[in-house]
Amino acid sequence: MLFRSKKVGNGSATRSLRVEFSHPTATAVAIAGSFNDWRPDSAPMVALGNGRWLKELALPPGTYEYLIVADGKWTPDPSAKETAPNPFGGVNSLARIPK
């Protein structure tokens, strides 16, 4: 995960959250989390080739839970430094966006 600061049109600060994921056989990958009402269709990741996927999100400071959705399978981000239990018996990845 990588963070970059920027101001949006209304003057509020956001940080760019960069998520990279590798899956050698996936044909569609997205990211779903508390920042997009857990809707993977609203945040598809971009295929970079060789099974690598990328998504950059502009988010205000805060803590967000998310999962990667690869070909319909929901999975924690293997590069996330933190996780939190979810109500389905698994874990969600955590992204903490600093101020």
Side-chain angles (χ1 to χ4, degrees):
M1 261 183 271
L2 176 69
F3 303 103
R4 281 182 252 172
S5 294
K6 73 178 183 179
K7 296 263 185 188
V8 292
N10 64 7
S12 64
T14 64
R15 303 282 297 220
S16 177
L17 170 64
R18 180 181 173 112
V19 178
E20 295 184 35
F21 180 69
S22 291
H23 191 297
T25 61
T27 58
V29 179
I31 185 167
S34 55
F35 47 81
N36 65 1
D37 293 325
W38 296 96
R39 292 181 26 236
D41 59 322
S42 70
M45 296 182 82
V46 176
L48 300 176
N50 298 320
R52 293 179 27 234
W53 298 82
L54 171 70
K55 183 65 180 178
E56 286 198 38
L57 301 162
L59 300 170
T63 301
Y64 301 93
E65 294 187 25
Y66 70 97
L67 290 169
I68 305 284
V69 184
D71 291 337
K73 183 179 178 193
W74 295 64
T75 184
D77 180 354
S79 67
K81 293 182 175 147
E82 294 181 80
T83 60
N86 67 34
F88 306 105
V91 296
N92 294 336
S93 301
L94 283 181
R96 294 183 192 274
I97 311 293
K99 290 185 179 185

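Start at 1 with the first residue, then count along the sequence.
The shortest non-hydrogen separation linking Ile31 to Tyr66 is CD1-CD1, 3.4 Å. Of all heavy-atom pairs between Pro98 and Arg15, the closest is O-CG, 3.5 Å. When every heavy atom of Pro44 is checked against every heavy atom of Lys55, the shortest pair comes out as O-CD, 3.2 Å.
Val69 and Val29 are members of different hydrophobic clusters when ILVMFWY side chains are connected at heavy-atom separations under 4.5 Å. No single ILVMFWY cluster, assembled from side-chain heavy atoms under 4.5 Å apart, contains both Val91 and Phe21. Tracing side-chain contacts under 4.5 Å through hydrophobic residues (I, L, V, M, F, W, Y), one reaches Leu59 starting from Met45; they form part of the same cluster.
Aromatic ring pairs are classed by plane angle as parallel below 30°, tilted from 30° to 60° and perpendicular above 60°; the pair Tyr64 and Phe35 is perpendicular.
Other residues, nucleotides and ligands contribute more than 12 heavy atoms inside 6.0 Å of the CG atom of Asp41.
Counting only distance, with no hydrogens or angles, the side chain of Ser93 and the backbone of Ala80 share no donor-acceptor pair below 3.5 Å. Using modelled atom types, one side-chain atom of Ser34 and one backbone atom of Glu65 make a donor-acceptor pair closer than 3.5 Å. For Asn86 (side chain) and Phe88 (main-chain N/O), a donor-acceptor pair under 3.5 Å exists by modelled atom type. Without hydrogens or angle criteria, Asp71 side chain to Thr27 main chain gives a donor-acceptor distance under 3.5 Å.
Here Leu94 contributes atom CG and Asn92 contributes atom CG; the two are 7.5 Å apart, rounded to the nearest 0.5 Å. One distance of note links OG1 of Thr75 with CG of Leu67; it measures 7.5 Å at 0.5 Å rounding.
For the pair Val19 and Ile68, the minimum side-chain heavy-atom distance is below 4.5 Å.
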